[in-house]
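Scope of the values below: all heavy atoms of this structure, side chains included, with no hydrogens, waters or symmetry mates.
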Amino acid sequence: MNDNLDFERPIIELENKIIELKKFSQEYDVNLSHEIDILTKKLEKIKKENYESLSPWHKVKIARLQERPTTMDYIKGLISNFVELHGDRYYGDDSAIIGGIGKLNDIPVTVIGHQKGKDTKENIKRNFGMSHPEGYRKALRLMKQAGKFKRPIITFIDTPGAYCGLGAEERGQGEAIALNLIEMSRLKVPIIAIVIGEGGSGGALALGVGDRVCMLENSIYSVISPEGLSSILWKDTTLAQKAADIMKLTSQDLLRLNIVDYIIREPLGGAHKDVEFVVDSIRKYLLDEFSVLMKLDTKELLEKRYNKFRKIGAWE
């Protein structure tokens with residue numbers, strides 16, 4: 001459990017109390033079922049109240065949890081016979097983005113996503129999910145391959161943003177992201193993008209141009225991080241919570257604004273509480289949507305994708 005989630009402390013304390021009572025009951029052969037039942041009901045009530053009234057900042061923290069499932073976790077649960085493919089054929093292989101081919105039930109698909117680490121060592125290897133330009137060029141290579149072989153594309157978005165180091169800029173970070181946006185808009189196969197954690201800035205958008213864009217319930221999607229916005233507006237990164245409250249970065253906000261098309265429910269407390277439940281929900285969503293998208297002819301598919309993004313925002 002992450003110590004940063006202060007709002008979960010009453011829940012953790014009550015869970016520990018129930019565990020202690022059960023252990024005491026077993027060790028000393030004392031019937032405490034009535035007391036345990038009362039505390040269990042109280043626990044469920046507190047969970048429901050806490051998790052169903054999360055603030056935007058709480059959702060930011062859940063989206064960033066290290067134990068939150070990653071792209072590879074969803075690939076393992078969803079895709080059979082997955083073969084990972086490497087390299088951009090220009091510079092190298094970026095482990096912050098993974099991609100490959102496999103089957104979603106009986107449908108051959110290409111899957112691409114940002115990959116964060118499960119611990120500090122892996123996060124360093126994965127650059128905390130922040131891709132260099134070669135990562136986006138690898139993604140584009142795989143998407144073009146999918147277009148050639150008529151495979152639908154699934155992208156998983158989970159990044160604080162594209163890496164902004166000197167080397168990345170020298171190798172064309174902005175151009176790599178821009179090219180992905182252009183090419184994804186005209187790929188002749190269905191694309192479904194799913195925000196599974198953080199969806200930050202252009203680094204997220206580079207995998208986010210799809211016929212359907214959806215979010216997990218406790219994920220976030222924004223042009224900038226709360227810390228970045230607070231440093232720009234108020235010159236103070238400690239006001240990140242205040243920034244999160246005004247940014248409209250939650251799945252509910254973005255669905256209401258027609259930025260995303262659907263919200264995939266998570267178990268109480270977040271996707272890490274029941275990964276299998278979330279995998280099953282994602283599978284159902286993908287199969288339902290692909291059954292519609294794969295029936296469209298190329299012209300209609302591209303027109304609908306174009307109109308989807310043209311409708312975002314308001315013009316007066």
Side-chain angles (χ1 to χ4, degrees), residues 1-5 60-79 81-102 109-143 145 153-177 180 193-208 216 218-221 225 227-228 270-272 275 278-279 282:
M1 185 55 63
N2 194 308
D3 292 334
N4 292 327
L5 302 183
V60 170
K61 288 194 170 186
I62 291 177
R64 292 173 173 174
L65 276 175
Q66 190 160 281
E67 55 262 52
R68 192 168 175 85
T70 65
T71 291
M72 188 55 78
D73 292 321
Y74 292 121
I75 288 174
K76 288 177 181 177
L78 290 166
I79 308 300
N81 303 318
F82 179 72
V83 178
E84 185 176 356
L85 302 174
H86 298 271
D88 67 344
R89 301 296 187 267
Y90 291 100
Y91 181 82
D93 184 44
D94 186 351
S95 58
I97 284 185
I98 59 173
I101 57 176
V109 293
T110 290
V111 188
I112 304 162
H114 302 99
Q115 180 66 27
K116 291 181 177 179
K118 290 290 190 179
D119 52 39
T120 302
K121 182 178 179 181
E122 190 183 0
N123 262 322
I124 292 171
K125 174 187 174 183
R126 302 285 184 183
N127 202 33
F128 296 86
M130 296 183 292
S131 177
H132 293 75
E134 49 269 24
Y136 295 117
R137 290 179 178 130
K138 173 171 68 173
L140 182 58
R141 179 175 76 83
L142 299 184
M143 286 188 272
Q145 181 194 77
I153 297 169
I154 304 166
T155 68
F156 293 108
I157 296 169
D158 187 17
T159 180
Y163 185 60
C164 57
L166 180 60
E169 298 298 338
E170 288 174 340
R171 295 193 299 277
Q173 184 72 288
E175 184 267 350
I177 292 171
N180 275 28
I194 306 175
V195 184
I196 60 173
E198 285 186 276
S201 194
L205 285 176
L207 299 185
L216 295 191
N218 293 312
S219 60
I220 58 172
Y221 198 22
S225 69
E227 291 84 357
H272 59 291
V275 180
V278 182
V279 166
I282 293 175

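- Side chain of N180 to main chain of I177: no donor-acceptor pair is present (N/O by atom type, distance under 3.5 Å, no hydrogens or angles).
- Residues V195 and S219 share a closest heavy-atom pair of O-OG, 3.3 Å.
- A distance-only check finds a donor-acceptor pair linking the side chain of Y136 to the backbone of G203 [under 3.5 Å].
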Step-by-step side-chain contact (heavy atoms from CB on, under 4.5 Å) determination, E122 to D119: CA-CA 5 Å; E122 190 183 0; D119 52 39; 3.4 Å; yes
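- The heavy-atom pair separating G270 from I62 by the smallest distance is CA-CG2, 4.4 Å.
- Between I97 atom CD1 and T155 atom OG1 the span is 10.0 Å, to the nearest 0.5 Å.
- Side-chain contact between V278 and Y74 is present, with heavy atoms from C-beta onward closer than 4.5 Å.
- Under the 4.5 Å side-chain criterion, counting only non-hydrogen atoms from C-beta, T70 is not in contact with R126.
- Atom OG1 of T71 is separated from atom NZ of K76 by 12.0 Å, given to the nearest 0.5 angstrom.
- Side chain of T159 to backbone of H114: no donor-acceptor contact under 3.5 angstrom is found.
- Between the side chain of E84 and the backbone N or O of I98, no donor-acceptor pair lies under 3.5 Å.
- Taking CD of Q115 as the reference point, atom CG of N127 lies at 13.0 Å (rounded to 0.5 Å).
- Looking at H272 and N218, their side chains never come closer than 4.5 Å, going by heavy atoms from C-beta outward.
- The CD1 atom of I282 sits 5.0 Å away from the CD1 atom of I194 when rounded to the nearest 0.5 Å.
- Q173 places a side-chain N or O within 3.5 Å of a backbone atom of S131 that can act as its donor or acceptor partner.
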Working note: N123 + T120, criterion side-chain hydrogen bond (donor to acceptor under 3.5 Å, both in side chains); need CA distance, chi angles, decisive distance, verdict. CA-CA 5 Å; N123 262 322; T120 302; over 6 Å; no
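- Contact between A193 and G208 at its shortest, heavy atoms only, is CB-CA, 4.1 Å.
- Counting all heavy atoms, side chain and backbone alike, A139 lies closest to I112 at O-CD1, 3.5 Å.
- Screening K125, K138, R137 against D93 for a salt bridge (Lys or Arg N to Asp or Glu O under 4.0 Å) leaves a single residue, K138.
- Atoms CD1 and CG, on I154 and L207 in that order, are 13.0 Å from each other to the nearest 0.5 Å.
- From L140, atom CG reaches atom OH of Y90 across 8.0 Å, with rounding to the nearest 0.5 Å.
- Just one residue in the list K116, R64, R68 forms a salt bridge (Lys or Arg N to Asp or Glu O under 4.0 Å) with D158, and that residue is K116.
- A salt bridge is absent between R141 and E134; no separation between the charged side-chain nitrogens and carboxylate oxygens falls under 4.0 Å.
- By the neighbour-count criterion of 12 heavy atoms within 6.0 Å, atom OH of Y91 is sparsely surrounded, having that number or fewer from other residues, nucleotides or ligands.
- The aromatic rings of Y163 and H132 sit tilted, their planes meeting at an angle between 30° and 60°.
- When side chains are defined from C-beta on, Y221 counts as touching L205, because their heavy atoms get closer than 4.5 Å.
- Nearest heavy-atom pair across L216 and A271 is CD1-CB, 4.5 Å.
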